[in-house]
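Below, each value reflects all heavy atoms present in this structure, side chains not excepted, and no hydrogens, waters or symmetry copies. Please read these numbers as outputs of a predicted model, since none were measured by experiment.
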Amino acid sequence: MDGGGEEVSSDGEGQMLPDSARKRGGWATFPFIADTYSNLANKCVVNFRTNKQMKKKTGALIGSSIAVSGWANNLIVYMIEKFHVRSIDATQTFNIVAASTSLLPMVAAILADSFLGCFSVIWISSLISILGIILIALTAMLDPLRPQPCQHGSTSCPTPSKVHFCILYSGIALAAVGVAGTRFTIAAIGANQFDNSKDQRVFFNWFAVTLYASMVLGATVIVYIEENVSWVFGYWLCVAVNVIGLVVFLSGKRYYRHIKPQGSPFLSLAHVVVATIVKRRVPLSSRAEDYYHKEDGPKEKPVSLPSKSFRFLNHAAAIETEEDSKVNSWRLCSVQQVEDFKNLLRIFPLLSSGVLMCTALPVISTLTILQTLTVNRRLGPDIEVPAGSMMVFILTSTAINLTLIDRFLFPLWQKITLRSPMPIHRIGLGHLFNMTGMAVASLVESRRLKLAQTHSVLDHPGSVVPMFVLWLVPQLVLVGLGEAFHYPGQVTLYYQEFPKPLKSTAAAMISVVVGFAYYLSTTVIDLVRRVTTWLPDDINNGRLGNVYLMFAMMQMLNFFYFLFCAKCYKHHSVEGGNKNSDDESSKS
C-alpha cells in the first residue's frame, strides 16, 4: 500500500516528515486503531472530532480485545470442565498465562521502538494470536484432542495426556503472545498520531474506555455462547472477530503517521552507565561549557548544567579532554542522555509501587470465579450466570467510571481546585479503591462461608450455598473503579515521562506492572497453600476471606510506600528544572 506521499522504508514504516505529519494522524485514525463493533465507542469518538472516517466501526484494539476476553475469561471453567484440572491449579495456570501476556508487551515494545515499528509488530502479533485461538478451538471441536468426559456420578475423571496438554498450552501460549504484541503497541501507535500532551491524555482515556468496553462484550456474549450454546462456536467466533479487526487495522494504514525505528534506545541507557563507570574519577565542573550537550557534535552552545539529582551520573557528560568532544565514543554522553536516564531512575519507585496495587485484579478475578461456582447463580428458571462472566462486572465498572471520571469528576475537580488532576492523583485513588475492594471481598466471603456452615453444605461437596451471586458484585465493582483511576493514570505518566525513543516501551510499562502483579499473586497464593489450610480444592472447607484480608493489609502498607515515592518524585522533578511546563504539571 502506498504511503500517500510519505517516505516509506522497505519494511513499510515511513520516516515522519514535517509536511506529511500535519496531514496524517489525529482523531481520524482512532476508528482504525481502536473502534470495533461498538456504536457507543463510535459516538464517543464523533464527540471529539467530526470526520467521515469516524463512521468506521471496526479496528484492531476491540477485535483483539473481544477475542481475548472471550477465550481467556472462561479459561478456568474450560480447563476444569473439559480437561478436569483441579480448581486452584486452573486459577494458578490462568494467573501465569495472564502474567506472561502482561510481561511480553515489553518485548513487543522493544521490537517496535528499535527494529520493526509499531505497525509491523501489530499485524504480525495479530496473526500469531489468530493461530493460537484456532488451536484452542480445535481442542474443543475434536474429541481426540481432549480427555474423555467424566462418567455420570463418578468422583474421578480421566486424566489428560501429555499430548492433550501440549496442544492446549501451545494454543494458549500463541494466543497470549499475540495479544501481548498488539494491545499496548496499539496504544503507542495511537499516541503517535497526536502532537500535544492534552490530546494524548484524552486518547489514553478513551483507549482504556474502548479496551474495557470491548472486553465486556467478549466476557458476556462470547462467554455465554461458550457455556450455553457451544464451546466450539464461541472459540471460532473469537477467531472471526480477531480476523476482522486485523483487516480493518490494515485498511487504515495510509491514514497513520508512521515513525521509523531508530535502533535500540537501550544502547543509549547502557552508554550512560558505561561512561559513568569509566569516568567516575573525573571531577565535576560547575560550568555548563564543560559538559557535552549535543550527540552529533558540540557546535551548539550549552544550555544549562545537568540536574543535581543522581549527581554521580553527571560524570558521563563531563568533557575530560578535547578528544572527548570530537570522537563519538562510549566515554562521553550528552547531557540529554544523562537526564533521560535520571528520569527512568526517578520514576522506578512509583512504578514498583504499582505492582502490589495491581494484584487486586488477578486475585479478585480468579478467586471470585471459584466463589461463583459454589453459590446460587440462577437469575430465573432458564438463566444461569456463567462463572466466567463475573469478570464483566469489573470491566463494566471500569468502562462506565472512566466515562464519568473524564466527563464529570475531573471537570468538577478542575473547577474547585483551579488545576487539572494529574496522572499521579489518579494512581493514588486507584490504590484506595483496590484496597477497599479487597476488604469488601473478605467480608462477603465471611458471609458466604457462614451460610455454608449454617446449611451444612460443608459435608456435601458440590452443593450450592444459598447465597445469591450478586453478593459478589460489590468487590468487583470497587476493583473496576480502582482500574478506572490508576490504569489511564499509569499509562499517561509513563508515556509522558519516558525518553522519546522509549515511547512504545512507556506505553507497555503498565502491562509489565500488571504482569509482575500476576506473578506476585500466584507466588503468594502458592505460598498460602503450602503453609496454611486457607485454600483447599473445596473452598467451603477453607478460609478464603483470610486471603482477601491479607492482600488488603499488604495493599494498605503499599499505599503508604506510594505516598512516600510520590513525594520524593515531585521533589526530584522540581529540582531537575529542565522539563517543559506540561511535564512539570503532570507531577504536581
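- Here the closest heavy-atom approach between residue Pro158 and residue Pro147 is recorded as O-CB, 4.0 Å.
- Side-chain polar atoms of Glu497 and Asn343 form no donor-acceptor pair below 3.5 angstrom.
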| request: Check the pair Leu350 / Tyr494 against side chain to side chain contact (heavy atoms under 4.5 Å, CB included), numbers first and verdict last. | output: CA-CA 10 Å; Leu350 272 177; Tyr494 303 149; 5.8 Å; no
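- Heavy-atom minimum distance, Ala387 versus Val77: CB-CG2, 4.1 Å.
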| Working for side chain to side chain contact (heavy atoms under 4.5 Å, CB included), residues Tyr561 and Leu557 | CA-CA 7 Å; Tyr561 169 64; Leu557 295 176; over 6 Å; no
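- Taking 4.5 Å as the limit, every side-chain heavy atom of Ile347 sits out of range of all side-chain heavy atoms of Met509.
- Rounding to the nearest 0.5 Å gives a distance of 4.5 Å between OG1 of Thr368 and CG of Leu476.
- The CG atom of Leu168 sits 6.0 Å away from atom CE of Met79, with the distance rounded to the nearest 0.5 Å.
- When every heavy atom of Val444 is checked against every heavy atom of Trp471, the shortest pair comes out as CG1-O, 3.5 Å.
- Note: Asn95 CG to Leu361 CG = 9.5 Å, rounded to the nearest 0.5 Å.
- A donor and an acceptor atom, one from each side chain of Thr372 and Arg377, are nowhere located under 3.5 Å apart.
- Ring planes of Phe559 and His431: tilted class, angle from 30 to 60°.
- Smallest separation of non-hydrogen atoms from Ala90 and Ile80: CB-CG1, 3.9 Å.
- For the pair Met438/Met553, no side-chain contact is recorded, criterion being any heavy-atom separation below 4.5 Å from C-beta on.
- Between the Thr374 side chain and the Val464 main chain, no donor and acceptor come within less than 3.5 Å of each other.
- Residues Tyr518 and Ile96 form no side-chain contact, since every pair of their non-hydrogen atoms from C-beta on lies 4.5 Å or further apart.
- A salt bridge is absent between Arg86 and Asp538: the closest approach of a Lys/Arg side-chain nitrogen to an acidic carboxylate oxygen does not fall below 4.0 angstrom.
- A donor-acceptor pair is defined here as one N or O able to donate and one able to accept, closer than 3.5 Å; no such pair exists between the side chain of Thr396 and the backbone of Phe393.
- No donor-acceptor pair under 3.5 Å is formed between the side chain of Ser365 and the backbone N or O of Met391.
- The structure places OG1 of Thr139 at 11.5 Å from OH of Tyr169, a figure rounded to the nearest 0.5 Å.
- The side-chain heavy atoms of Arg426 and His486, taken from C-beta on, include no pair separated by under 4.5 Å.
- Using modelled atom types, no side-chain atom of Asn558 and backbone atom of Met554 make a donor-acceptor pair closer than 3.5 Å.
- Looking only at side-chain heavy atoms (C-beta outward), Leu174 and Leu135 come within less than 4.5 Å of each other.
- Taking the six-membered ring for Trp and thresholds of 30 and 60 degrees, Trp231 and Tyr235 have ring planes inclined between 30 and 60 degrees apart.
- Under the side-chain hydrogen bond (donor to acceptor under 3.5 Å, both in side chains) criterion, Gln555 pairs with Thr359, sequence neighbours left out.
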| request: Evaluate the side chain to side chain donor-acceptor pair (under 3.5 Å) criterion for residues Ser129 and Asn242: first the C-alpha distance (whole Å), next the side-chain angles of each, then the deciding distance (0.1 Å), finally the verdict. | output: CA-CA 8 Å; Ser129 177; Asn242 217 345; 3.1 Å; yes
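- Under the 3.5 Å distance criterion, the side-chain polar atoms of His425 are left unmatched by any main-chain donor or acceptor of Pro421.
- By the side-chain contact (heavy atoms from CB on, under 4.5 Å) test, Val528 pairs with Val524, Thr532, Trp534, Leu535, Val547, Met550, sequence neighbours left out.
- Under the 3.5 Å distance criterion, the side-chain polar atoms of Asn401 are matched with a main-chain donor or acceptor of Ser397.
- Applying the side-chain hydrogen bond (donor to acceptor under 3.5 Å, both in side chains) test to Thr523 and every residue at least two apart in sequence or in another chain returns nothing.
- His164 places a side-chain N or O within donor-acceptor distance of the main-chain N or O of Ser161, the cut-off being under 3.5 Å.
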| field | Intermediate values then yes/no, side chain to side chain contact (heavy atoms under 4.5 Å, CB included), Ile222 and Cys238 | value | CA-CA 8 Å; Ile222 294 183; Cys238 292; 3.7 Å; yes
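- The NE2 atom of His84 sits 9.0 Å away from the CZ atom of Arg146 when rounded to the nearest 0.5 Å.
- Of all heavy-atom pairs spanning Ile136 and Ala175, the tightest one is CD1-CB, 4.5 Å.
- Shown here for Val513 and Cys358, the closest heavy-atom pair between the two residues is CG1-SG, 3.9 Å.
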| field | Leu402 vs Phe485, side chain to side chain contact (heavy atoms under 4.5 Å, CB included): CA-CA, chis, key distance, verdict | value | CA-CA 7 Å; Leu402 277 168; Phe485 277 106; over 6 Å; no
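- Looking only at side-chain heavy atoms (C-beta outward), Leu493 and Ile427 come within less than 4.5 Å of each other.
- Using a 4.5 Å heavy-atom cutoff, the side chains of Leu379 and Glu384 are not in contact.
- Proximity of a side-chain donor or acceptor of Tyr519 to a complementary backbone N or O of Val514 within less than 3.5 Å is not detected.
- Note that the OG atom of Ser353 and the CZ atom of Phe560 stand 13.5 Å from one another [nearest 0.5 Å].
- Proximity of Asn376 to Val469: side-chain heavy atoms (C-beta onward) are nowhere separated by under 4.5 Å.
- Under the 3.5 Å distance criterion, the side-chain polar atoms of Ser87 are matched with a main-chain donor or acceptor of Asp537.
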